[in-house]
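Just below is one structure, and these are the notes that go with it.
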Amino acid sequence: MISRSLARALLASVALMTASVLLAGCDTDQVSLATNAKANQPVPPKLLAAMVEKDMDLQSPILVRLFKQEAELEVWKQTRSGQFLLLKTYPICRWSGDLGPKVREGDRQAPEGFYSINPSQMNPQSAYYLSFNTGYPNAFDKALGRTGSQLMVHGDCSSRGCYAMTDEQIAEIYSLGRESFFGGQKAFQLQAYPFKMTPVNMAKHRNNPNMPFWKMIKEGYDHFEVTRQEPKVDFCEKKYVFDATRAPDAKRDPVFDASAKCPAYVIPEDVVAAVRGKQAKDEAEYARLVAKGTPVARMNTGIDGGMNKIFAAKIPEGSTGLSEGAEGTTLQMLAMAKAPGTIPGHVNPPKPNLDAVASAPAPQEEPVVAVSAPATGTRVATAQPAEKAQEKSSFFSNLGRKMGMGSSDTTATTPPPQATASVAPAATTTTPTTAASRLKAAVTRFVPGHDKSKDTAKDAPKPAVAAAKPAEPAKPDTRLAQTRPAQKSSAFDSAPPPPSSGGQLSGAAPVVSSNSFDSRFSAMK
């Protein structure tokens, strides 16, 4: 059986060359297809054996599904019974952008949705070994004003809005598409998803702003899951419609326009019943997962795309990015596994988008100040009214700026004025969140095998050291201190503490100017 399939493949290639020679005067693309050795590689024997086992013909129709989060490309093929079965799953070497549909030219987004691939979209002369155009934008995308061009599935493991495979992988996928066209398939369907549309994934991403779009394309996902037939795709009222047929009383087939009102149509009752049954189970499981508190997926703003774990394990400092990491194992353990194809030396693994990280707004978090309990016998001033505290704070802030002790962009490291004390308690310095600190956190999060405990120790605030010996405090007016009632003392008018080692109270933290190098740039160490 395998030898007969190989013979058919060779005969088909010869027939294509003969036909292209006859058409040489009017179709140069056909000539290039016939003379391009890369585009005419035979289907590998292992795939032919899998087809025989699954009762598939070499030239039967195919269907392709893509999943960003799983970083996988599935090739389904029609069996002799007419249903589609999964033939092979290919790990995706690289995809770019974020989870979500492509919106505009240059956004680096790999598209999501349903697309149709015909022979004219196959590119045997691709700069990325071999490729085929996804067909983005489709009628739905155009109705929403979305833009973009030349979005491909190609080789070379390099992506700028595409789905990139290794050269060996795209050669197999290309050969499967070519054979399906030889068998009479006019176009094969490409379904691109953010992730497998399971209840657990829908629960994890329930807060994502793309969820309405994802629920819409899940309808087509469900149609394929229950029928194992390629769903018929139409568009109207700026939405997808799946498996629409003529209404019983209609005299002609419905005409769809992505921007116009939907025509009268029906969906076969058996398909409707099967889809509703699946969706009811999915919704019940989704509700159960949400009720038990399934964590919401973290929004990884600024991370550029993903990579299958099998490829990330082979690259120094490689990471899976927005794709799923290695569950139950590590990238180091996967490094011993054989990669499905050659990984080029110029491969660019997922990493933070520097521009996106730098321009992202800093999180609005209130500074947390740790205040130690006062020692026995220490006098604590009563809290001042807010108005008086603000007046004194403003006076001393202005005085400090005039003396060159601070600036308008210096982050304060002292406790709020509402709770002043005669003895300055030890406090944790709140370091401002900067673009550099966010970038460092993003980079270290995506380096496999990185020991975060070392970063914690390294980034811990070091004991502050006074830059210069503090000046001797002025001698207090003892007469004023004796006449002042103890209950009205405050941080601003209490007598200075008796001198101790270094001119500080025993147990108090040394005071450092708020605009010192150590306090302002501790996050960069």
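Values reported hereafter were calculated over all heavy atoms of this structure, with side chains retained and with hydrogens, waters and symmetry mates removed.
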Are any non-hydrogen side-chain atoms of Asp156 and His346 less than 4.5 angstrom apart? yes
Shortest non-hydrogen contact between Leu58 and Met51, atoms and distance: CA-SD, 3.9 Å
One pair to check against salt bridge (charged side-chain N to carboxylate O under 4.0 Å, His left out): Glu283 and Lys218. What are the steps and the verdict? CA-CA 12 Å; Glu283 289 167 6; Lys218 182 181 182 295; over 6 Å; no
Run the numbers on Cys162 and His154 for side-chain contact (heavy atoms from CB on, under 4.5 Å), then give the verdict. CA-CA 8 Å; Cys162 301; His154 58 66; 3.5 Å; yes
Might you point out which heavy atoms bring Ala187 and Phe181 nearest each other, and give the distance in Å? CA-CE2, 4.0 Å
Can you find a pair of side-chain heavy atoms, one from Leu99 and one from Asn210, that are under 4.5 Å apart? no
Tell me, please, whether Phe84 has Arg65 positioned over its six-membered ring: NZ or CZ under 6.0 Å from the ring centre and within 45 degrees of its axis? no
Is there a side-chain contact between Pro111 and Arg146 (heavy atoms, below 4.5 Å)? no
Donor-acceptor contact present, side-chain Asn308 to main-chain Ala71, <3.5 Å: yes
Tell me whether Lys281 at atom NZ has more than 12 heavy atoms from other residues, nucleotides or ligands lying less than 6.0 Å away. no
Aromatic ring centroids of Phe235 and Phe256 under 6.0 Å? no
Between Glu70 and Asn201, is there a side-chain heavy-atom distance shorter than 4.5 Å? yes
Non-hydrogen side-chain atoms of Lys239 and Cys262 separated by less than 4.5 Å: yes
Point-to-point distance, once rounded to the nearest 0.5 Å, from CH2 of Trp95 to CD of Gln109: 7.5 Å
Salt bridge or not for Lys196 and Glu74, using N-O below 4.0 Å? yes
Run Tyr115 and Phe188 through side-chain contact (heavy atoms from CB on, under 4.5 Å) and show every step you take. CA-CA 9 Å; Tyr115 300 91; Phe188 66 83; over 6 Å; no
Say you draw a straight line from OH of Tyr286 to CZ of Arg288; how long is it, rounded to the nearest 0.5 Å? 13.5 Å
Interatomic distance, CG@Leu130 vs CD1@Ile170, rounded to 0.5 Å, equals 6.5 Å
For atom NZ of Lys232, is the number of surrounding heavy atoms from other residues, nucleotides or ligands below 6.0 Å larger than 12? yes
So does Ala164 get a backbone contact from the side chain of Tyr128, meaning a donor-acceptor N/O pair under 3.5 Å? no
Lys68 and Tyr163 have their tightest heavy-atom pair at CE-OH, 3.3 Å
Under 4.5 Å between any side-chain heavy atoms of Phe213 and Phe140, yes or no? yes
Any luck finding a side-chain donor-acceptor pair between Trp214 and Glu112 under 3.5 Å? yes
Should the heavy atoms of other residues, nucleotides or ligands under 6.0 Å from CZ of Arg160 be counted, would the total exceed 12? no
Check step by step if side-chain contact (heavy atoms from CB on, under 4.5 Å) holds for Asn123 and Asn133. CA-CA 8 Å; Asn123 184 9; Asn133 195 310; over 6 Å; no
Is the distance from the ring center of Tyr174 to that of Tyr129 below 6.0 Å? no
Is a side-chain donor or acceptor of Asp57 paired with a backbone partner of Gln59 at a separation under 3.5 angstrom? no
Between Ser180 and Gln185, is there a side-chain donor-acceptor contact under 3.5 Å, judged purely by atom types and distance? yes
Minimum-distance pair of heavy atoms, taken over all atoms of Pro254 and Pro263: CB-CG, 3.7 Å
I need the Ile315 CD1 to Cys157 SG distance, nearest 0.5 Å. 6.0 Å
Are more than 12 heavy atoms, taken from residues, nucleotides or ligands other than Arg276, located less than 6.0 Å from that residue's CZ atom? no
Without swapping roles, check the side chain of Gln229 against the backbone of Gly82 for a donor-acceptor pair under 3.5 Å. yes
Please step through side-chain contact (heavy atoms from CB on, under 4.5 Å) for the pair Glu324 and Lys309, ending with a clear verdict. CA-CA 7 Å; Glu324 290 181 339; Lys309 55 196 175 188; over 6 Å; no
Ignoring hydrogens and geometry, is there a side-chain-to-backbone donor-acceptor pair from Lys278 to Ala280 under 3.5 Å? no
Closer than 3.5 angstrom, by distance alone: can the side chain of Ser175 be matched with the main-chain N or O of Gln41 as a donor-acceptor pair? no
Could you tell me whether a side-chain N or O of Asp141 sits under 3.5 Å from a main-chain N or O of Asn138, the two making a donor and an acceptor? yes
In the structure I gave you, are the side-chain heavy atoms of Thr166 and Pro340 within less than 4.5 Å of one another anywhere? no
Identified side chain to side chain donor-acceptor pair (under 3.5 Å) partner of Tyr90 from the options Glu168, Glu72, Gln169, Glu172: Glu172
Just by distance, no angles: are the side chains of Gln279 and Asp282 close enough, under 3.5 Å, to form a donor-acceptor pair? no
For the residue pair Val200 and Leu289, what are the closest heavy atoms and their distance? CA-CD1, 3.5 Å
Checking the side chain of Asn40 only, and the main-chain atoms of Asn36 only, is there a donor and an acceptor separated by less than 3.5 Å? yes
Can you tell me how far apart CG (Asp55) and NZ (Lys77) are? Round to the nearest 0.5 Å. 12.0 Å
Closest non-hydrogen contact found for Val241 with Ala244 is CG1-CB, 3.7 Å
In terms of relative ring orientation, are Phe224 and Trp76 parallel, tilted or perpendicular, with 30° and 60° separating the classes? perpendicular
For the side chain of Glu179 and the backbone of Pro42, is there at least one donor-acceptor N/O pair under 3.5 Å apart? no
Student check: side-chain heavy atoms of Pro350 and Leu322 closer than 4.5 Å: no
Check for a donor-acceptor pair, side chain of Arg94 on one end and backbone N or O of Asn348 on the other, with a separation under 3.5 Å. yes
Flag for Asn118-Ser120: side-chain donor and acceptor within less than 3.5 Å: yes
With under 30° as parallel and over 60° as perpendicular, where do the rings of Phe242 and His223 fit, or are they tilted in between? tilted
